[in-house]
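Proteins get letters first, then strands, A, B, ... in listed order; numbering begins at 1 in each.
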2 protein chains.
Amino acid sequence: MDPVRRTPARRPTMKDIAQRAGVSESAVSFALNDRPGVSPATRDRVRRVAEQLGWRPSTAARALSGEGAATVGLVLARPAHTLGVESFFLQLVSGIQEVLARRHLGLLFQVVEDLGEECAIYRRWWAERRVDGLLVVDPRLDDPRPALLDELGLPAVVIGALAPGTPAHSGISTVWADDAGAMASIVDHLYGLGHRRILHIAGLPHLAHTQRRIRSLHAEAARRGLPDVHSISTDYSDTEGAEATRRALARPRPPTAIVYDNDVLAMAGLAVANERGLAVPGDLSLVAWDDSVLCRSAHPALTALVRDTSSFGRHAAEQLLSLLDGNPAREIQDDLPRLMARASTAPPPGS
Amino acid sequence: MDPVRRTPARRPTMKDIAQRAGVSESAVSFALNDRPGVSPATRDRVRRVAEQLGWRPSTAARALSGEGAATVGLVLARPAHTLGVESFFLQLVSGIQEVLARRHLGLLFQVVEDLGEECAIYRRWWAERRVDGLLVVDPRLDDPRPALLDELGLPAVVIGALAPGTPAHSGISTVWADDAGAMASIVDHLYGLGHRRILHIAGLPHLAHTQRRIRSLHAEAARRGLPDVHSISTDYSDTEGAEATRRALARPRPPTAIVYDNDVLAMAGLAVANERGLAVPGDLSLVAWDDSVLCRSAHPALTALVRDTSSFGRHAAEQLLSLLDGNPAREIQDDLPRLMARASTAPPPGS
DNA sequence: CCACAAAACTAATGCGCTTTAGTAGTCATT
DNA sequence: AATGACTACTAAAGCGCATTAGTTTTGTGG
């Protein structure tokens with residue numbers, strides 16, 4: 001009978017390498033970390049042995065001797081029912097990973113219900129020495145997280161702009177998309193088609209980018225003298241998107257164009273338009289913020305604000321690496337999203 | 001001038017607790033880990049001090065002294081362009097987290113391009129002692145991962161069934177959905193409506209559950225004597241979904257009902273039907289595997305196979321915890337998904 | 001009041017790595 | 001040939017925790 005190998009492959013340590021290579025453990029450490037103190041010949045030998053043994057440094061041991069945990073954290077605070085589809089996050093994460101992988105950094109990921117839990121996780125991770133840095137998403141008005149992370153001394157990159165007036169923190173970079181400019185380009189498009197009554201069905205009101213979009217919309221409306229331009233906040237869910245759309249269309253002078261803050265809301269809006277027998281774009285024009293399969297597969301295909309989310313994630317991760325390398329915090333702006341005109345926008349009825 | 005506190009809050013260690021409580025470090029360890037060797041009074045005192053100091057055990061130190069990394073891993077091997085929408089994963093992860101959080105286990109998450117990279121990550125994580133266990137998704141025909149993980153001695157739970165005939169591995173549990181039964185319920189529904197020519201636009205052909213669905217479909221067709229029932233594989237993308245639909249509808253005797261393996265494919269199929277002027281469900285019935293906002297917001301709303309993905313994730317995580325606790329591997333079956341009939345299915349034309 | 005066990009607590013070791021201090025060996029300089 | 005300056009290497013300590021072995025205190029029965 002085959003003797004079953006019960007011991008499941010021991011992990012090699014530096015001691016193993018040292019023995020095989022016939023040198024001390026310190027020499028191994030120097031050799032593998034490009035530190036001076038070993039001859040080129042020894043260095044090569046040690047490296048070969050390490051390679052051959054399939055050695056990898058124990059992150060625990062590394063972390064314990066002050067090298068950091070080789071991990072960055074990302075917490076997503078969204079009530080469970082809200083994280084339905086959202087192409088955004090998986091793409092963002094995929095971009096982030098691409099950059100982190102180059103340095104063999106792990107991504108510790110957690111989904112929680114609310115901001116309070118998120119802060120608790122940060123404290124926990126800090127105390128447990130689990131992460132070297134953080135990626136913070138969904139910045140809010142009056143956001144407690146930058147101050148907290150600064151206090152804990154955890155480098156972080158805020159993805160999406162902080163609200164204006166938020167004090168700068170030394171270890172915190174920001175990578176943001178120009179929501180104001182993007183909103184301006186949408187209004188441009190709709191105004192150019194002849195729309196004068198525009199509704200903006202926004203996302204969560206306490207998010208900083210929601211406010212930026214709302215402000216920009218109103219500024220653009222004011223600039224063009226449009227009185228009938230409003231924003232309504234939702235929780236990003238299809239339910240609230242549909243509800244808000246229904247109420248808006250029931251008004252005496254309904255909007256001729258609606259801008260939705262994400263693809264899910266837009267799809268829900270489209271469904272409501274269909275349900276009420278409104279032709280899109282004949283009777284009503286729709287625009288979605290963020291493109292996705294939903295927008296492309298919808299009938300009619302939705303005009304959408306296309307941005308390269310995965311590249312956004314890459315940039316954020318790059319900034320975090322830069323912080324971890326000891327570079328000063330920066331504030332960088334991502335590419336301006338591009339409005340992709342499709343079949344859901346046209347001149348308003350009677351024009 | 002305010003003296004700036006440059007030191008960003010030192011993390012308390014057991015030594016700090018020991019000093020404040022006036023006991024040795026060992027006593028602290030005993031007290032905090034419910035080990036015998038300290039009086040109830042001391043235990044309480046130590047705990048209070050720990051609480052007050054906001055102490056949390058350093059995972060690195062814990063891991064180094066043999067306690068495991070307090071982390072489980074999850075690798076998602078999907079080509080970047082494929083992970084478009086997919087409500088599935090975020091929900092799965094959210095369910096997983098719910099269970100892991102109770103034990104304060106972290107989730108190390110990674111997105112890679114292919115299976116080879118995924119295996120490399122497993123080896124790396126193992127060698128780096130980063131994870132205590134793994135959640136494996138997208139089981140395949142002839143899957144190398146169970147054997148690898150068994151060799152490495154990493155407990156794992158495979159989410160979704162392995163292909164039949166895969167040898168059992170001692171440290172590997174399986175949590176699977178009854179794809180065959182689900183497919184049977186879909187065929188039941190369609191056959192009951194009068195459909196005889198059914199097309200199945202499937203996902204990636206090398207995934208085990210894809211094969212299960214295909215087999216079940218053919219078995220059900222054979223049982224009812226339906227000759228014109230086929231499956232076509234895709235990569236789950238809207239592009240291939242649309243393409244496959246187009247080709248199928250161009251055939252001399254096109255199907256009267258199409259079953260799609262996910263919501264994205266189904267939406268793409270719906271768009272193609274619209275583009276060709278086919279009425280859904282009048283001319284063509286559509287069914288989506290997996291429900292989501294897409295299905296609910298589509299026009300007409302799509303009949304879909306609803307399953308509680310987040311509960312699926314919870315069950316998988318629970319199995320992993322059980323494995324980590326030293327319990328033997330198990331194979332458990334999740335609830336049978338439920339077919340939610342909506343507006344996209346009806347009797348075929350001319351019936 | 002003593003012997004002796006059990007309870008309460010401390011000291012010491014190890015996990016795998018980095019790093020500082022320390023020890024040979026090599027080479028050039030005067 | 002002796003001094004110093006490097007180079008190549010080894011020994012040892014420490015990171016924060018768990019754990020084992022060892023020590024002191026307390027409690028019990030005789």
Side-chain angles (χ1 to χ4, degrees), chain A residues 9-47 49-50 53-71 104 124-132, chain B residues 9-47 49-50 53-71 104 124-132:
Chain A
R10 214 175 59 80
R11 300 169 231 231
T13 70
M14 289 195 356
K15 191 188 281 180
D16 300 322
I17 302 178
Q19 281 180 350
R20 290 226 195 183
V23 292
S24 71
E25 283 187 59
S26 338
V28 173
S29 178
F30 294 150
L32 295 173
N33 292 306
D34 279 321
R35 294 258 179 297
V38 284
S39 66
T42 313
R43 194 181 296 276
D44 276 7
R45 186 157 36 92
V46 167
R47 282 198 182 141
V49 174
L53 255 49
W55 178 87
R56 293 249 76 217
S58 149
T59 41
R62 268 233 158 102
L64 202 51
S65 41
E67 290 297 278
T71 306
H104 301 314
R124 178 184 298 279
W125 283 352
W126 169 79
E128 293 180 349
R129 296 159 176 73
R130 268 179 177 282
V131 295
D132 301 328
Chain B
R10 214 176 59 82
R11 297 170 232 231
T13 71
M14 288 195 356
K15 191 188 283 181
D16 300 323
I17 302 178
Q19 282 181 348
R20 290 227 194 182
V23 291
S24 70
E25 283 187 59
S26 340
V28 173
S29 178
F30 294 151
L32 295 173
N33 293 305
D34 277 321
R35 293 258 178 297
V38 285
S39 67
T42 313
R43 196 182 294 277
D44 277 6
R45 185 156 37 93
V46 167
R47 281 201 181 135
V49 174
L53 256 49
W55 177 86
R56 293 251 78 217
S58 148
T59 42
R62 267 233 157 95
L64 201 52
S65 41
E67 292 296 279
T71 305
H104 299 314
R124 177 184 299 278
W125 282 354
W126 169 79
E128 294 181 349
R129 295 160 177 74
R130 268 179 178 280
V131 296
D132 301 327

Chemist: Is there a donor-acceptor pair closer than 3.5 Å between any side-chain N or O of B:Asp44 and the backbone N or O of B:Ala41?
Modeler: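 Side chain of B:Asp44 to backbone of B:Ala41, a donor-acceptor pair under 3.5 Å: no, none is there.
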Chemist: Looking at B:Ser24, I'd like to know whether one of its side-chain N or O atoms comes within less than 4.0 Å of OP1 or OP2 on C:dA11.
Modeler: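 So the side chain of B:Ser24 is outside the cut-off, no N or O lying under 4.0 Å from OP1 or OP2 of C:dA11.
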Chemist: Checking all strands, does A:Met14 fall into the base, sugar-phosphate, or nothing category for heavy-atom contacts under 4.0 angstrom?
Modeler: base
Chemist: Does A:Arg35 make a side-chain N or O approach to OP1 or OP2 of C:dT19 shorter than 4.0 Å?
Modeler: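 For C:dT19, OP1 or OP2 has a side-chain N or O of A:Arg35 closer than 4.0 Å.
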Chemist: From CZ of A:Arg62 over to C1' of C:dG16, roughly how many Å is that when rounded to an integer?
Modeler: 11 Å
Chemist: Regarding B:Arg56, tell me which of base, sugar-phosphate or nothing describes its non-hydrogen contacts under 4.0 Å with the strands shown.
Modeler: sugar-phosphate
Chemist: Atom CZ of B:Arg129 to atom C1' of C:dC15: distance rounded to whole Å?
Modeler: 9 Å
Chemist: Would you mind reading off the distance between B:Glu25 atom CD and C:dA11 atom P, rounded to a whole angstrom?
Modeler: 10 Å
Chemist: So, for B:Asp132 and B:Ala70, which heavy atoms are closest and what is the spacing to 0.1 Å?
Modeler: OD2-N, 2.7 Å
Chemist: Output the rounded distance in Å from CD (A:Glu67) to P (C:dC15).
Modeler: 21 Å
Chemist: Can you pull the contact range of chain B along DNA chain D, 5' to 3', using atoms under 4.0 angstrom from its heavy atoms?
Modeler: D:dG16 to D:dT20
Chemist: Scan A:Ser39 against the nucleic acid and name what it touches under 4.0 Å (heavy atoms): base, sugar-phosphate only, or nothing.
Modeler: sugar-phosphate
Chemist: Please work out if A:Gly37 contacts a base, only the sugar-phosphate, or nothing of the nucleic acid, heavy-atom cut-off 4.0 Å.
Modeler: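 Base, at least one base atom sits under 4.0 Å.
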Chemist: Roughly how far apart are B:Asp34 CG and B:Arg43 CZ, rounded to 0.5 Å?
Modeler: 5.5 Å
Chemist: Taking atom P of C:dC15 as reference, at what distance in whole Å does atom CZ of A:Arg11 sit?
Modeler: 14 Å
Chemist: Strictly below 4.0 Å, N to O, side chains only: are B:Glu128 and A:Arg56 in salt-bridge contact?
Modeler: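 The answer is yes: the pair qualifies as a salt bridge.
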Chemist: Could you check how far CD of B:Glu128 sits from C1' of C:dC17, rounded to whole Å?
Modeler: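 Between C1' of C:dC17 and CD of B:Glu128: 13 Å.
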Chemist: Starting the side chain at C-beta, find the nucleotide from C:dT20, C:dC9, C:dC15 nearest to B:Leu64.
Modeler: C:dC15
Chemist: Return the value, rounded to whole Å, for the distance between atom CZ of B:Phe30 and atom P of C:dA7.
Modeler: 14 Å
Chemist: Output the distance between atom CZ (B:Arg124) and atom CZ (B:Arg129), rounded to the nearest 0.5 Å.
Modeler: 14.0 Å
Chemist: Look at all strands and tell whether B:Thr13 reaches a base, only sugar-phosphate, or nothing, counting heavy atoms closer than 4.0 Å.
Modeler: sugar-phosphate
Chemist: When you look at A:Arg11 and A:Ser58, which way does the side-chain hydrogen bond (donor to acceptor under 3.5 Å, both in side chains) test go after all the steps?
Modeler: CA-CA 9 Å; A:Arg11 300 169 231 231; A:Ser58 149; over 6 Å; no
Chemist: Nearest to the B:Ala27 side chain among C:dT10, C:dG16, C:dT19, which nucleotide is it?
Modeler: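 Selected nucleotide: C:dT10.
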Chemist: Could you tell me which non-hydrogen atom of A:Met14 sits nearest to which non-hydrogen atom of A:Ser29, and how far apart they are?
Modeler: CE-CB, 3.8 Å
Chemist: May I ask you to decide if A:Ala69's main-chain N or O and A:Thr71's side chain share a donor-acceptor pair within less than 3.5 Å?
Modeler: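 The answer is yes, because a donor-acceptor pair under 3.5 Å joins these two groups.
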Chemist: Answer with base, sugar-phosphate or nothing: what part of the nucleic acid does B:Ser58 contact at a heavy-atom distance below 4.0 Å?
Modeler: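 The residue B:Ser58 makes sugar-phosphate contact but no base contact.
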Chemist: Measure CZ/B:Arg43 against C1'/C:dC9 and give the value in whole Å, please.
Modeler: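 Interatomic distance, CZ of B:Arg43 to C1' of C:dC9: 12 Å.
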